[in-house]
Structures are given as C-alpha cells and as structure tokens.
Amino acid sequence: MPESAKIGGNLLTWYDAQARVLPWRVPPNSEQRAEPYHVWLSEIMLQQTTVAAVKPYFEAFTRRWPDVAALAAARDEDVLAAWAGLGYYARARNLLKCARVVAQSGFPTDEAGLLALPGIGPYTAAAIAAIAYGVPAVVMDGNIERVMARLFDEREALPAVKPKLKARAAGLTPAKRAGDHAQALMDLGATICIPKAPRCERCPLQAHCVSFKAGVAAELPKRLPKKPKPTRQGVAYFARRADGHVLLETRPPKGLLGGMLGLVGSDWTEETPVFDPPFAAQWQRHTKDITHVFTHFNLNLTLYVAEIKAANPRAGSFMPAPAPSDLPSIMRKAYEAGFLICDIDCGAKLGQYGKNRGPKSG
DNA sequence: CAGTCGTGGAG
DNA sequence: TCTCCAAGACT
C-alpha cells in the first residue's frame, strides 16, 4: 500500500471518530449528502472567518432564508444588515449576485461551473464540489496549506510555495469520500495541526510527518515578513432628531464597508481630517475617540454628536433608528456611543430603535 | 504579484 | 497590550 493511501486511511479513521459537529455539516461516512445551499452559504461565510463567528450567522440566515430561492428574493439591504458584523462585505454582495443566478439554474455540480460564480474562487469551488457532490477536487485552504507544509516539511515561504503544497494535497486526495477527506484535513488543521504549538502527540499522521521527525513542525509554514500597519484618522457625526430619527448613509456599493449603513463623516486618511459637519448645529465632541482595527490599517475615529429639531444634511438622511446590529462593527461602535452621549441607554432597551429593519439581538 | 477588504478570539 | 490570523476573492 502506498504511503499516500496509508495517510488518507489514517485521516478518515480519525475523522470518523473526531469530526466536529457543525450546523452545515452531515456526519462523516453518512448516507445523506449535505445540502448544496448549506455548503455554499457556510463556505462563503467561513472565508477568512472563524467557525465560532460564523455559527450564529449561518443559523440566522438559514432560518430567515431557508433555500437559495428565498435568499435570491430577499432585499439587498436586508441581507447586508443580516451580514453586518461578519466583515468582508463584498461577500454579502456577491452572495446575492450568486443566489440570483443559482435560483434560476441550480448549483453547478462541477468545479469549473462553480468557479464561474460571483464570490466563488478556487478554494470554495473545490470545497463545494467535494463536500456537496463528492467530486475528488483538490481543496486548498489555509489549514490544508499548513498541514501539507508540515507533513512534507516544505520550508519555502508562502505564498511562493503554494503550488508545491497543492501538488502534495493532490497526491493525497482520494477518489472516494473526497468531501470527508477535505473536511478531515481542515478539522485536523483547526484542532491538532494548529498554527502555534501544534498538538503532535494527538495527531493521526504523526508517523508520516516529516517536519515532526525533524522537530520543526511548529515553525511551518514559513511566511514572508508583513508590512507595518498604518494608523488612519477620521471624523464621524452622530445626529439625532427630535422625532428619534438618526442621520445615516448607505455607503457606496464598492470599497470599504461597501453598501453598508454608516455614520456620515470624513474620509479616513493618515492626515488629520478637518471638522466639516453635514449641517450647522451645536456639535459636541465625544471625549473618548473610537478605535478600530482593520486588516491593513488602524483607525482612530473622532465622534461628534448633535441633538436637533430639524436639519437639512448635505450627506446621508434621517431615518428611523436601526438596530445597532444592522451596522458594521466600527459603525456600530460609533452609533452606540452616539446614543450614550445622548444619555439614552440603548444597550438595554431595543425598543428605542425603529422596527423598520427588523432588529436582531445585540 | 501585491494590495484591498473586517472582525474578534487566542495566547 | 500586542501579535497572530481564520474554510479567500477580487483587482
């Protein structure tokens, strides 16, 4: 028996006993196949996002939109509000685009067809093909890259070494149970072959692991040094009208937080922004600036607050107050701070918020 | 290829 | 407090 078959066998045996129970997953080696809609939705949500963060969103989405036709028929703003807090909002925009294609023709069952859909790249296409349709696709994500780098002691740095790692993974991919195989590798990477301090004592592949033998597993995979993260500054304006309406805008459909609700404010730059409110009023400066960490910059946001009877803003519009959970996290921070400054306990009494956007808990 | 694009949990 | 980084896609 070739080495690759032994590795695959050990892996599936381990998975049959140790597979994580997840809402979008069927038990290993089971007769039933996972719903393509559930596989697709979970895979999109899981892009660069932890399982723990995804779970409640997956439950909420599938409860509210039980199938792809229901999602395709949803209003854009409802889906974006439901996605708020999960990050990488282009995923939600592409999710809708994709749903509206798939609702007509159904999900493609092959990798190439899936790859052609919005928001589905090489990883997700392979994962859906393998998990939902049993296609022996070579699934490559961050977990599997790490497992391959360690198993075969590949010491060149990412991302240059990726093709080599994919070739290694291809050599392990079985013709049968391809979905279980891919999920087994990801579970192994998430629970045993973790980035720091890998639990090699409990690894079903230890006997085959070249980097373990060499004592360097924890140092792999190598990565290129990362660039320093700049700090940007910005100004945001929270305005509450006497009737309870608040000033918000829908951000431009592309770019940072594209399509999401947010406070009106300046651009975020490394230069100090000027105070330039959307209308003249008694603006009160928030004493404590709001900080937030994005992937490629830190943000320091200065919040100004005004309570007014009426105003004609140059940007955004007054609307019934949405639930804070309808806003992306940085905007939710500023929004909740605005209410607090207005001396309103917005955390405990969701009743203050309008019902127009179907407030979630939080 | 390298930059853009969020967020929060873990150590 | 700080660093790392998670089931990546798109330009």
Side-chain angles (χ1 to χ4, degrees), chain A residues 19-20 22-25 34 38-58 80 83-95 97-98 114-132 137-147 157-160 162-163 169 179 181-191 193-198 218 221 223-230 232 251-260 262 268 291-299 325 327-333 362:
Chain A
R20 288 178 290 175
L22 301 172
W24 47 85
R25 181 183 272 186
H38 291 172
V39 176
W40 164 70
L41 179 60
S42 66
E43 290 300 344
I44 300 298
M45 289 182 166
L46 285 162
Q47 290 167 3
Q48 295 292 288
T49 309
T50 58
V51 164
V54 165
K55 275 182 181 171
Y57 283 84
F58 178 85
L80 289 177
W83 195 278
L86 199 54
Y88 285 142
Y89 298 100
R91 292 184 295 173
R93 303 192 298 270
N94 285 330
L95 188 80
K97 284 186 198 166
C98 185
L114 289 160
L115 190 57
L117 292 167
I120 298 183
Y123 160 73
T124 306
I128 297 173
I131 297 169
V138 182
V139 179
M140 282 304 292
D141 77 324
N143 285 308
I144 301 180
E145 283 176 3
R146 184 171 58 255
V147 172
L158 288 170
K162 277 189 180 185
H181 175 81
Q183 293 178 95
L185 283 174
M186 291 189 279
D187 275 22
L188 189 72
T191 64
C193 197
I194 53 182
K196 308 168 191 175
R223 293 178 188 279
L224 256 36
K226 20 182 278 187
K227 290 185 57 179
K229 187 176 289 192
R232 299 183 187 173
R251 296 173 62 85
K254 296 188 176 195
L256 192 66
L257 310 178
M260 302 299 291
W268 301 338
T291 61
H292 196 71
V293 179
F294 290 94
T295 304
H296 54 295
F297 65 93
N298 302 308
L299 177 66
S325 59
L327 276 58
S329 293
I330 172 58
M331 293 300 178
R332 180 178 52 75
K333 286 184 191 176

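Naming convention: chains lettered A, B, ... in sequence-line order (proteins, then strands); numbering from 1 in each chain.
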**Prompt:** So, is His296(A) near the phosphate of dC5(B), with a side-chain N or O under 4.0 Å from OP1 or OP2?
**Reply:**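 So the side chain of His296(A) is within the cut-off, an N or O lying under 4.0 Å from OP1 or OP2 of dC5(B).
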
Rounded to whole angstrom units, what separation is found between the [atom1] atom of [X] and the [atom2] atom of [N]?
| X | N | atom1 | atom2 | answer |
| --- | --- | --- | --- | --- |
| His181(A) | dA7(C) | NE2 | C1' | 15 Å |
| Phe58(A) | dA7(C) | CZ | P | 17 Å |
| Ile44(A) | dA6(C) | CD1 | P | 18 Å |
| Asp141(A) | dA6(C) | CG | C1' | 9 Å |
| Glu145(A) | dA6(C) | CD | P | 9 Å |
| Phe297(A) | dT3(C) | CZ | C1' | 19 Å |
| Arg232(A) | dT4(B) | CZ | C1' | 9 Å |
| Asp187(A) | dA7(C) | CG | P | 10 Å |

**P spacing across the pair dT3(C) / dG6(B), given as an integer number of angstrom** =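 Straight-line distance between the two P atoms is 22 Å.
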
**Prompt:** What interatomic distance, in whole Å, is found between P of dA7(C) and the corresponding atom of dG3(B)?
**Reply:**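 The same atom, P, in both gives a distance of 23 Å.
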
**Asked** With a 3.5 Å cut-off and just heavy-atom distances, do the side chain of Arg146(A) and the base of dA6(C) make a donor-acceptor pair?
**Response**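 Counting by modelled atom types and ignoring angles, no donor-acceptor contact under 3.5 Å is found here.
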
**Asked** Can you give one letter per nucleotide of nucleotides 6-11 of chain B, 5' to 3': B if a protein heavy atom sits under 4.0 Å from the base, S if only from the sugar-phosphate, - if neither?
**Response** BBS---

**Request:** Mind listing the closest non-hydrogen atom pair of Tyr57(A) and Ala84(A) along with its distance?
**Result:**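 The pair with the smallest heavy-atom distance is OH-O, 2.8 Å.
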
**Item:** Smallest separation among heavy atoms of Leu115(A) and Gly121(A), with atom names
**Value:**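 Closest heavy-atom pair between Leu115(A) and Gly121(A): CD1-C, 3.3 Å.
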
**Message:** Please compare Glu43(A) and Ile120(A) by the position of their nearest nucleotide in DNA chain C and report the one closer to 5'.
**Reply:**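 Checking each residue's closest nucleotide, the 5'-ward one belongs to Glu43(A).
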
Sugar-phosphate, base or nothing in reach of [X], heavy atoms under 4.0 Å:
| X | result |
| --- | --- |
| Val54(A) | nothing |
| Ser42(A) | nothing |
| Trp40(A) | nothing |
| Leu115(A) | nothing |

**Asked** Do Tyr123(A) and Glu43(A) have a side chain donor and acceptor closer than 3.5 Å?
**Response**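 Per modelled atom types, Tyr123(A) and Glu43(A) side chains form a pair under 3.5 Å.
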
Please check: side-chain N/O of [X] versus main-chain N/O of [Y], any donor-acceptor pairing under 3.5 Å?
| X | Y | value |
| --- | --- | --- |
| Lys196(A) | Ala218(A) | no |
| Arg93(A) | Gly258(A) | yes |
| Arg91(A) | Tyr88(A) | yes |

**Request:** Quick one: sort the Phe294(A) and Trp268(A) rings into parallel, tilted or perpendicular, breaks at 30° and 60°.
**Result:**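 Answer is tilted, since the angle falls between 30° and 60°.
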
